[in-house]
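Structure in structure tokens, see below.
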Amino acid sequence: MATPLSHTSLSPIKTVAVVGLGTMGTGITEVLAKAGREVVGIDVSEAATAQAVAALETATARAVTRGRLTEPERAELLARVRTSTDLRAASDADLVIEVAPESYEIKQQIFRELDGIVRPETILATGTNALSVTRLAADSARPERVLGLHFFNPAPAMRLVEVVSSVLTAPTAVGAVTNLALDLGKEPVAVGDRPGFVADGLLFGYLNQAAAMYEAKYASREDIDAAMRLGCGLPMGPLALLDLIGVDTARTVLEAMYAASHDRLHAPAPILKQLSEAGLTGRKSGRGFYTYEAPGSAVVVRDALTPLDGSALTPGRPVRSVGVAGSGTMASGIAEVFAKAGYEVVLAARSEEKAQTAKARIGTSLSRSVDKGRLTAEAAAGTLDRITAAGSYDSFADVDLAVEAVAEDLEIKQQLFATLDKVCKPGAVLATTTSSLPVVACARATSRPQDVIGMHFFNPAPAMKLVEVVRTVLTAEDVHSTVREVCVKIKKHAVDCGDRAGFIVNALLFPYLNNAIKMVQEHYATLDDIDAAMKLGGGYPMGPFELLDVVGLDVSLAIEKVLHREFRDPGLAPAPLLEHLVAAGCLGRKTGRGFREYARR
């Protein structure tokens, strides 16, 4: 009987076999060879082995050109790699990393064959991101030496590696591959065995919802992608990312996740099946959600769904002066944006004192811009001069556009819209900046619901480029055109969506944040590991728990409750951990404690 790995000390991993020489296998081979490991690349196809060698030669030649490698180092790196079409070439490996197609049958066959080839102490790693590591390990002769080692594409550039343990995995095997990952310059994150692990587990639910949102014709593909890039600082929009990953691959991952979780958020959107079965799998086929110049190209070309260039068909109403209602950070930020763009702005609050405080906040913001060289002193002074602070909404009598940015409370907003209805002149456009409440409920508080629209700015308004333009079923076409034209003048990117909870950004962002909380609640992974996984594996500017603490846990809970109430999906029910923290007064950075503790200022 073999000695369990958990009771032996493993020697360092020097020789690694990589089984499967597609893009990922070739990338892993390059990473290993660069770190001084002897690598055996194995694939059933001679064409694949030849292509892998050619790709390695090209990548290393590029590294020499860029000064990252010397020619002698390149020669040594390439000499450390040999290829074979015979699995027996893995016989001397200390570690085998399998990155064959995502199929239990294929992977199990490889592991069964390896059992008769490798040494008893050799570690067997699967690169799967969708299949059960436990199921693969259970079929192995030595399940204690089987684990998951999930690299991200492109492997040479992406720093995250998820080290996946099953209940059968020996701790020493985990320790050995964790040390290897560190030696490769990667950031290893320890996770348990469930479909998607951490990064893909969170990412693919979000991508699936974006596909469903597009399929429902709620927003265009361009607007969905722009909203998530500009509203969340993501490197790519979800539909463009699905095309990059491969629509068929995404569908496979989601099916595995749904089989394990039965969470409707993971049930693949029908459009993923339709595109896959039509062969429209994304960039690799030349067409998916978008159309590309050629198969494998990243260049998007115009197709029948591409929006027409040029101005809106319906002319907008003239806007010369703007009223902003509110005295908080959002109200002063929006007033600053309009004044910078040359509009005369009336900033009104419930008292003259509150309005003057809000104007003073704008003055401080403009001074900061001057200090940083982003604005001249003259421009800052001119901007501030265009803002009139007022202690009554009666001052909105002559504005062409009134934008409210008061508390996120429907009753308060409805009372304000009833007031604006009485005060504002006929034909004035009335806009709400709500992020979660129904715009039509504000519109119905007036006698002119056709003049009401949503203009959801993001905080801080002067810096954030996105505005979600929310039409109700009652909004007039020329009102929509007016707001689109105004967005151009204030240098914001407008995206169109309908009047439903969360609009685009929050409807896609908050279920992802809620799922991250559930992972911590279930003790699946730590806050730090989840934040690291999403920043390193998903390119997110902030991890989910960093973001939750910045947004405010009370604000996050309120939005999640609205989404759950509107869509009635059990998967959208706020995580109990979030509710407990809010009940305890742990609201994030603003209270000094949320998911993490912060130093008091």
Side-chain angles (χ1 to χ4, degrees), residues 18-31 41-66 78 81 83 85 99-103 106 127-130 150-158 199-200 203-204 207-208 210-211 214 221-222 224-226 228-229 234-254 268 271-306 537-539:
V18 178
V19 180
L21 293 176
T23 306
M24 182 60 85
T26 303
I28 293 169
T29 299
E30 181 186 336
V31 169
I42 303 169
D43 200 290
V44 288
S45 156
E46 283 188 11
T49 61
Q51 193 173 358
V53 170
L56 276 172
E57 287 174 347
T58 302
T60 51
R62 199 162 48 235
V64 170
T65 305
R66 291 174 179 173
L78 293 172
V81 179
T83 59
T85 54
V99 272
E102 289 289 87
S103 152
I106 294 171
T128 185
N129 67 340
H150 180 214
F151 288 80
F152 287 74
N153 206 9
M158 299 295 277
D200 285 353
L203 179 66
F204 278 88
L207 296 177
N208 191 40
Y214 170 68
R221 60 192 180 181
E222 288 83 0
I224 291 170
D225 279 355
M228 297 315 290
R229 281 189 291 104
L234 299 180
M236 291 183 83
L239 303 179
L241 184 53
L242 279 164
D243 276 356
L244 176 62
I245 291 165
V247 175
D248 51 342
T249 303
R251 180 186 165 202
T252 301
V253 173
L254 284 163
I271 194 169
L272 299 176
K273 180 182 179 184
Q274 293 155 16
L275 289 171
S276 297
E277 291 183 349
L280 307 178
T281 54
R283 282 192 194 181
K284 59 189 172 188
S285 70
R287 190 174 156 202
F289 285 96
Y290 294 90
T291 302
Y292 298 88
E293 204 168 48
S297 170
V299 179
V300 175
V301 295
R302 175 176 286 281
D303 60 20
L305 298 173
T306 306

### Query
Can you tell me how far the OG1 atom of Thr249 sits from the CG atom of Leu254, to the nearest 0.5 Å?
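Thr249 atom OG1 to Leu254 atom CG measures 11.0 Å (nearest 0.5 Å).
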### Task
In sequence, state the C-alpha distance, the side-chain angles, and the governing distance for Asn129 and Met24, and then conclude on side-chain contact (heavy atoms from CB on, under 4.5 Å).
CA-CA 12 Å; Asn129 67 340; Met24 182 60 85; over 6 Å; no
### Message
Tell me whether Asp243 contacts the main-chain N or O of Phe289 through its side chain, where contact means a donor paired with an acceptor under 3.5 Å.
### Response
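A pair under 3.5 Å: yes.
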#### Entry: Considering all heavy atoms, the nearest Arg229-Pro235 contact
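Scanning both residues, the minimum pair turns out to be CD-O, 4.0 Å.
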### Message
Do Asp200 and Phe152 have side chains that approach each other closer than 4.5 Å (heavy atoms only, starting at C-beta)?
### Response
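Answer yes - side chains close enough.
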### Message
Would Thr26 and Glu30 count as a side-chain contact (heavy atoms from CB on, under 4.5 Å) here? Give the steps.
### Response
CA-CA 6 Å; Thr26 303; Glu30 181 186 336; 5.9 Å; no
### Query
Are the side chain of Ser285 and the backbone N or O of Gly279 linked by a donor-acceptor pair below 3.5 Å?
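Yes, Ser285 side chain to Gly279 backbone: donor-acceptor pair under 3.5 Å.
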### Message
Just so I know, are the side chains of Lys284 and Thr23 near enough to count as touching, which here means a heavy-atom distance under 4.5 Å?
### Response
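The answer is no; the side chains never approach within 4.5 Å.
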### Message
So, taking the atom named CZ in Arg221 and the one named OG1 in Thr306, what distance separates them when rounded to the nearest 0.5 Å?
### Response
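So the gap between those two atoms works out to 4.5 Å.
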### Flag if over 12 foreign heavy atoms under 6.0 Å of CD, Glu46
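Open: at most 12 neighbouring heavy atoms sit under 6.0 Å from CD of Glu46.
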### Query
If every non-hydrogen atom of Leu272 is compared with every non-hydrogen atom of Ala211, which pair is closest and at what distance?
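Here Leu272 and Ala211 meet closest at CD2-CB, 4.1 Å.
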### Message
Are Val253 and Ile245 packed together at the side-chain level, in the sense that at least one heavy-atom pair is separated by less than 4.5 angstrom?
### Response
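SC-SC contact between Val253 and Ile245 ruled out.
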### Point-to-point distance, once rounded to the nearest 0.5 Å, from OG1 of Thr281 to CG of Leu242
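Reported to 0.5 Å precision, the distance equals 12.0 Å.
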### Task
Report the C-alpha distance between Glu102 and Thr128 in whole Å, list the side-chain angles of each, state the deciding distance to 0.1 Å, and finish with yes or no for side-chain contact (heavy atoms from CB on, under 4.5 Å).
CA-CA 7 Å; Glu102 289 289 87; Thr128 185; 2.8 Å; yes
### Query
For the side chain of Thr291 and the backbone of Arg287, is there at least one donor-acceptor N/O pair under 3.5 Å apart?
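No, Thr291 side chain to Arg287 backbone: no donor-acceptor pair under 3.5 Å.
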### Query
Counting heavy atoms not belonging to Glu222, are there more than 12 under 6.0 Å from its CD?
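Atom CD in Glu222 is packed in, count exceeds 12.
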### Value rounded to 0.5 Å, distance of CG in Asp303 from OH in Tyr292
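One finds 10.0 Å between CG of Asp303 and OH of Tyr292.
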### Query
When rounded to the nearest 0.5 angstrom, what distance separates CG in Leu203 from CG in Leu241?
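So the gap between those two atoms works out to 5.5 Å.
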### N/O donor-acceptor pair under 3.5 Å between Asp43 side chain and Leu21 backbone
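Here the side-chain-to-backbone pair exists.
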### Task
Step by step, work out the side-chain contact (heavy atoms from CB on, under 4.5 Å) result for Val99 and Val18.
CA-CA 7 Å; Val99 272; Val18 178; 3.9 Å; yes
### Task
State the CG-CD1 distance between Asn208 and Ile271, to the nearest 0.5 angstrom.
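Here the rounded value is 11.0 Å.
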### Query
Is the closest side-chain heavy-atom distance between Asp225 and Pro238 below 4.5 Å?
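Sidechains of Pro238 and Asp225: in contact.
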